[in-house]
Each structure stands twice: as C-alpha cells, then as structure tokens.
Amino acid sequence: MLEILASGNHHITHLPSPSNDSKPISNKPNHLQILKKCTHLIQFKQAHAQIIKTPLHQSDTYLSKIIEGVVGFSDLIYARQVFDQITEPSTFAFNTMIRGYGTNDLGPEGIDLYIRMRHRGLIPDNFTYPFLLKACSGLKQGKGVHSLVVKDKRFSSEIHSLTSLMTFYCSFGDVGSARLLFDRMPQRNVVTWTGIIAGYVKQKRYKDGIELFNQMKNNGVEINELTLVSVLSASANLGALEIGQWVHEYIDQKRILLNPKLGAALIDMYAKCGHIDKAYQVFGTIPCKGVYVWNAMIGGLAMHGYGNEAIERFQEMQQNGIMPDRVTFIVVLSACSHSGLVEKGKEILLSMRKDFGIEPNIKHYGCFVDILCRAGLLNEAYEVIINMPMEPNAVLWGTLLNACAAAANVELAEAAMQRLMVLEPFNDGNYVLISNIYAATERWNDVGRVRKILKDRKISRNPGHSLIQVDNVVHEFMVGDGRHPCSEQIYGMLEKVAIIIKEWSL
DNA sequence: TTAGGGTTAG
C-alpha cells in the first residue's frame, strides 16, 4: 500500500522501525507526505493503519495531522476516534475537529467540542472562531459566539472572525444584522463583499444584492467567480439580462474558467432571462459538465416548455456517466408538467426509487400533482395528495386550488381551501382564487362570505408585481399601476399585444 | 488549519 503511495525519494524503505524511534516528526516527512498523497479515504485509512504501529506516531501533533486528513474525507466518526486517543489535544486538534463537524452538518457536536476545549483551559486562536461559527450555521444559539468575539480583543476587529460572524447571521436569514456588521467592519475584502451579496441573494433581496455589487465594483474590490455566481443568480431572478451579460463579458475578458457552479449560474441566468438559445450555447462550452450544469440546462428547457428536449438531455447526462440527483428529478418532472407529458412524468417518478435509489420527497410529489393538474386530471391529483407518504403542504393544496380555478371545480377547490386556511391563513392569493371560483359559478353569497373572512382576519390583499430591466434600470410594476412615466405608452403596447395574442388563438 | 457560491414543485 505504502509503496503505491510513496514516490520519488519517499520510498517505503524510509519507514521508521516501530521501536526506539524518538526523532521529531519534522525529520520524518515521508509519513505525512504519504498521507497527503491519498486521494481516497480507504487509501488514507490503510496508510494510517501501517504508520500508527510506530510509537512515534502516537504523538499529539501527528494524530492531529491524521484528524486533519480524515476530516478532509468527511469521516467524522473515524476522526473522532483518533481525536479521543489524544491525551492532551492542542487548540489545533480542537480546531480541526470543530471545522470537520461544521463542514459536515454536525454543528452541535462542534459546539460541544468547543465547550470541552474551554473546560480544558485552552485559549481559542484566530482559527477557532471561524470554525466555531461555521458549526453554528443556522443555529440561533450561535449568537452567543458574537459576544465571545466582541469580548476577545485579539479578534474583535479581525477580518476572518468578523466575516464568519456576518455569514453566521446570513445562515438563518438575518441579513439585517449581517449588514450592520458589514457596515461597521474596519476591513473588507472579496470574501466579505461576496458573503453579504450572497446573504441578500439567499433572502431573495436581489436588488439589494446587485446594489452592493455595484458598490463593490466602485470600491475597486477584486471580483472572483464566487462573487459572480451570486450576481448571476440575482440577475436571473430579476430578469436583468444586461447585468447577466455584463458578467458573461467579464468572465470572457478575464478568462475566468467556467467551473460547474459558475457555468450552471450562467445557463440559469440566460434561461430565466428568456434566452434559452444562449443558455444552450454556454452549455456547449463548459468543459466539465457536473450535475449542476445538467440540472440548470434541463431546468431551463423545462421552463421554456421544451419537455421532450429536457428528457433527451436527462438521458444524455446518464449516458455521460452523470448520476441524476434530487434536483434533477424536480426539473425533469417540471419539464413533464410544462409540456403535458403525464405518462412520462409518472414513469420518471416511479423510476426514482426503483432505478436510482432516490426516495421522492414532497417537491417531487408536488411536481407530479402539478403534472396532473395542468393536464386537467384534478381527481387524480387529489388522490395523489391524500395518499402520498408524507403530509401535504400548502404548495400541494395551492397547486390543486389553482387548477380548480382554471376548471371552476368548486368541490375540490373547497377541499383544498379548507386545508389552506389552516396552513396559510394569511395568504391573500388563496382567498382571491376561491372567491373567483365562486364568482365564476355565480355563488355570490359565498363570494361575500370570503370577503368577510378577509376583512375579519385583517388580511391585506397583496397586489402582484412584475419586473423588467431596461438600460441597466430595473422597473417594477404592480397590477393596474399607472405610476411609471411611460405608463400610457406601456398600456398602449399591452393592448396591441393582447390583440395579437387573440388573433393567434383564433 | 481560517471566512464567501448555484439549480429545486403552487
């Protein structure tokens, strides 16, 4: 095993004998270098098993290095076993374990270890808070770490700890607190700026994200591919094609490699901004098409109504050796839904567990219900909702209610509304829909009853709105909005478009 | 040994 891993000057013959070897680690580079060369966990464990037989390698420093290696392979159980062998773990060893827990969604274990570290009288260093805050991601009890950082004068102005703190607030959606921290930071770099932009984007505050990106550019801060992924996501969701195109040109100019995540973001941006042809073009240029890239492309085709093409790409990705994931099935099922492919959708849903070992979740069932609803199969959709293996949520009942509005099906609409009044009691859209269904069937008493509920529960009706970007400015319109300076021309054009559509549909 | 990224059902 070690022979395979050792290369050049570092050969197996350099292994220390198991006894009487008390030279310091630094004089024995082979073992650590051999471990570094391991590309798979199994290799690493085998190499470790060989080396650990020597007394030298039971030193805390060495074991800490082992933990670091194993944490890199995400085997936290093995890492913990090694950690527990250390009689006097150093701050480095604690840091490494906390980092491992934090990056593997085992935050509470990381926090627990930090407490143990302090009980042992160890002082945190500049790495501890970033790792600990990562472990606290999404956990409100992590707010206590904020005061720890503030009190620790060594790090209360230190960029890594503060950026981690900012990201921690973003992790449970408190972008307001994150922004306060950001504004007060003595130093900011590309990571800090990207972190706050990503925070806004995750909260769907796309305009704020773009605004900060503009500020970042004006401040002359370096921009990298991580920044651009968030900016592309914001422009995609705003339909801000010009910003997205600027990013694309920047990528080309700076010769930034289209890694799978950046490539997927670019495809998604073009697809959401209406340019499926450009999305396809970008798709063709990405050298390593990971599952993200395929998902973005299939999702783009789905939203443009190219169901059969989406399914072809789904098959092609498998021929290319890429395993579909949960998201792939969501976008493929959504392709079936937008193209009326009922049987295909059913077949794909059934194949998830059977052929791919992926258990369908509520989103997959949601897509299938949508397939049935859009095909007008409302009774079948209702049957799926009440018989699926998990508790239906508001999205499922909302899908059915929407479909009932299109078909004026009062009976099923009432069944859906009954649940929605519990699940989403303040969603004005649902009340509007049921009221419209009653109106369409001339049930005026029921229309009045719904209006009274809206009034009694003080539910305000939230008007729909749409966004469009022209010449780098995003314009927002509400229903019946007349505030825009070009309102008259816009409505004039809208009427013309409506006439054209009517002519087409005749 | 540090901090930041995407896609996903009404």
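Quick caveat, the model's predicted, so the values are computed rather than measured. Below, read A as the first sequence line, B as the second, and so on, with proteins coming before strands; counting in each chain starts at 1.
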Just to verify, what does [X] make a side-chain contact (heavy atoms from CB on, under 4.5 Å) with, not counting sequence neighbours?
{"X": "A/L228", "answer": "A/F213, A/I223, A/V247, A/Y250, A/I251, A/I256, A/L262"}
{"X": "A/A236", "answer": "A/D268, A/M269, A/K272"}
{"X": "A/I159", "answer": "A/T163, A/M185, A/Q187, A/N189, A/T192"}
{"X": "A/D84", "answer": "A/R80"}

Sugar-phosphate, base or nothing in reach of [X], heavy atoms under 4.0 Å:
{"X": "A/I197", "answer": "nothing"}
{"X": "A/S334", "answer": "nothing"}
{"X": "A/V293", "answer": "nothing"}
{"X": "A/D325", "answer": "nothing"}
{"X": "A/A198", "answer": "sugar-phosphate"}
{"X": "A/D370", "answer": "sugar-phosphate"}
{"X": "A/Q187", "answer": "nothing"}
{"X": "A/L401", "answer": "nothing"}

Looking only at side-chain atoms of [X], point me to the closest of [options].
{"X": "A/N237", "options": "B/dT2, B/dT7, B/dA9", "answer": "B/dT7"}
{"X": "A/H160", "options": "B/dG5, B/dT8, B/dA3", "answer": "B/dA3"}
{"X": "A/H338", "options": "B/dA3, B/dG4, B/dG10", "answer": "B/dG10"}
{"X": "A/L396", "options": "B/dT1, B/dA9, B/dT2", "answer": "B/dA9"}
{"X": "A/T399", "options": "B/dT2, B/dT7, B/dG10", "answer": "B/dG10"}
{"X": "A/I159", "options": "B/dA3, B/dT8, B/dG5", "answer": "B/dA3"}
{"X": "A/D125", "options": "B/dT1, B/dG5, B/dA9", "answer": "B/dT1"}
{"X": "A/T96", "options": "B/dT8, B/dT1, B/dA3", "answer": "B/dT1"}
{"X": "A/N393", "options": "B/dT2, B/dG4, B/dA9", "answer": "B/dA9"}
{"X": "A/K272", "options": "B/dT8, B/dA9, B/dT1", "answer": "B/dT8"}

Practice task
Decide side-chain hydrogen bond (donor to acceptor under 3.5 Å, both in side chains) for A/T328 and A/N295; before the verdict, give the C-alpha distance in whole Å, the side-chain angles of both, and the deciding distance to 0.1 Å.
Solution key: CA-CA 5 Å; A/T328 316; A/N295 289 354; 2.7 Å; yes
Is there a donor and acceptor pair, one atom on the side chain of [X] and one on the base of [N], closer than 3.5 Å?
{"X": "A/N361", "N": "B/dA9", "result": "no"}
{"X": "A/T194", "N": "B/dG4", "result": "yes"}
{"X": "A/E225", "N": "B/dG4", "result": "no"}
{"X": "A/N224", "N": "B/dG5", "result": "no"}

Return the residues of [range] meeting this criterion: a heavy atom under 4.0 Å from some atom of DNA chain B. Order them by number, or give none.
{"range": "residues 402-414 of chain A", "result": "A/N402"}
{"range": "residues 161-177 of chain A", "result": "A/T163, A/S164, A/T167"}
{"range": "residues 374-382 of chain A", "result": "A/R374"}

Rounded to the Å, how far apart are [X] [atom1] and [N] [atom2]?
{"X": "A/E158", "N": "B/dA3", "atom1": "CD", "atom2": "C1'", "result": "9 Å"}
{"X": "A/N189", "N": "B/dT2", "atom1": "CG", "atom2": "P", "result": "15 Å"}
{"X": "A/W193", "N": "B/dG4", "atom1": "CH2", "atom2": "P", "result": "18 Å"}
{"X": "A/L333", "N": "B/dG10", "atom1": "CG", "atom2": "C1'", "result": "15 Å"}
{"X": "A/M297", "N": "B/dT8", "atom1": "CE", "atom2": "C1'", "result": "16 Å"}
{"X": "A/I371", "N": "B/dG10", "atom1": "CD1", "atom2": "P", "result": "11 Å"}
{"X": "A/L122", "N": "B/dT1", "atom1": "CG", "atom2": "C1'", "result": "16 Å"}
{"X": "A/R99", "N": "B/dT2", "atom1": "CZ", "atom2": "P", "result": "5 Å"}

Handout entry: side-chain hydrogen bond (donor to acceptor under 3.5 Å, both in side chains) partners for A/R116, two or more places apart
Key = none
Practice task
Just jot down the side-chain hydrogen bond (donor to acceptor under 3.5 Å, both in side chains) partners of A/D174, sequence neighbours excluded, or say none.
Solution key: A/S177
Handout entry: Non-neighbouring partners of A/E391 that pass salt bridge (charged side-chain N to carboxylate O under 4.0 Å, His left out), sequence neighbours left out
Key = none
Exercise for the section: Just say parallel, tilted or perpendicular for the rings of A/F168 and A/F172, cut-offs at 30° and 60°. Expected result: perpendicular
Handout entry: Residue from A/L349, A/V369, A/I348 passing side chain to side chain contact (heavy atoms under 4.5 Å, CB included) with A/H364
Key = A/L349
Exercise for the section: Ignoring backbone atoms, test whether A/K202 places a side-chain nitrogen or oxygen under 4.0 Å from the OP1 or OP2 oxygen of B/dG5. Expected result: yes
Exercise for the section: Kindly say whether A/T227 contributes a backbone atom to a donor-acceptor pair with the side chain of A/N224 at under 3.5 angstrom? Expected result: yes
Can I get a per-line list of side-chain donor-acceptor pairs under 3.5 Å for residues 198-205 of chain A, giving both atom names and the distance, sequence neighbours left out?
| from | atom 1 | to | atom 2 | distance (Å) |
| --- | --- | --- | --- | --- |
| A/Y200 | OH | A/R179 | NH1 | 3.1 |
| A/R205 | NE | A/D208 | OD2 | 2.8 |
| A/R205 | NH2 | A/D208 | OD2 | 3.1 |

Practice task
Check whether NZ of the Lys or CZ of the Arg A/K217 lies under 6.0 Å from the centre of the six-membered ring of A/W193 and within 45 degrees of that ring's axis.
Solution key: no
Practice task
Mind jotting down which residue pairs meet the salt bridge (charged side-chain N to carboxylate O under 4.0 Å, His left out) criterion with at least one end in residues 412-425 of chain A? Sequence neighbours excluded, please.
Solution key: A/E414-A/R443
Handout entry: Heavy-atom check, side chain of A/I434 versus side chain of A/V410, under 4.5 Å
Key = no
Exercise for the section: May I ask whether A/F127 stacks on the base of B/dT2, given the cut-offs of 5.5 Å between ring centres and 30° between planes? Expected result: no
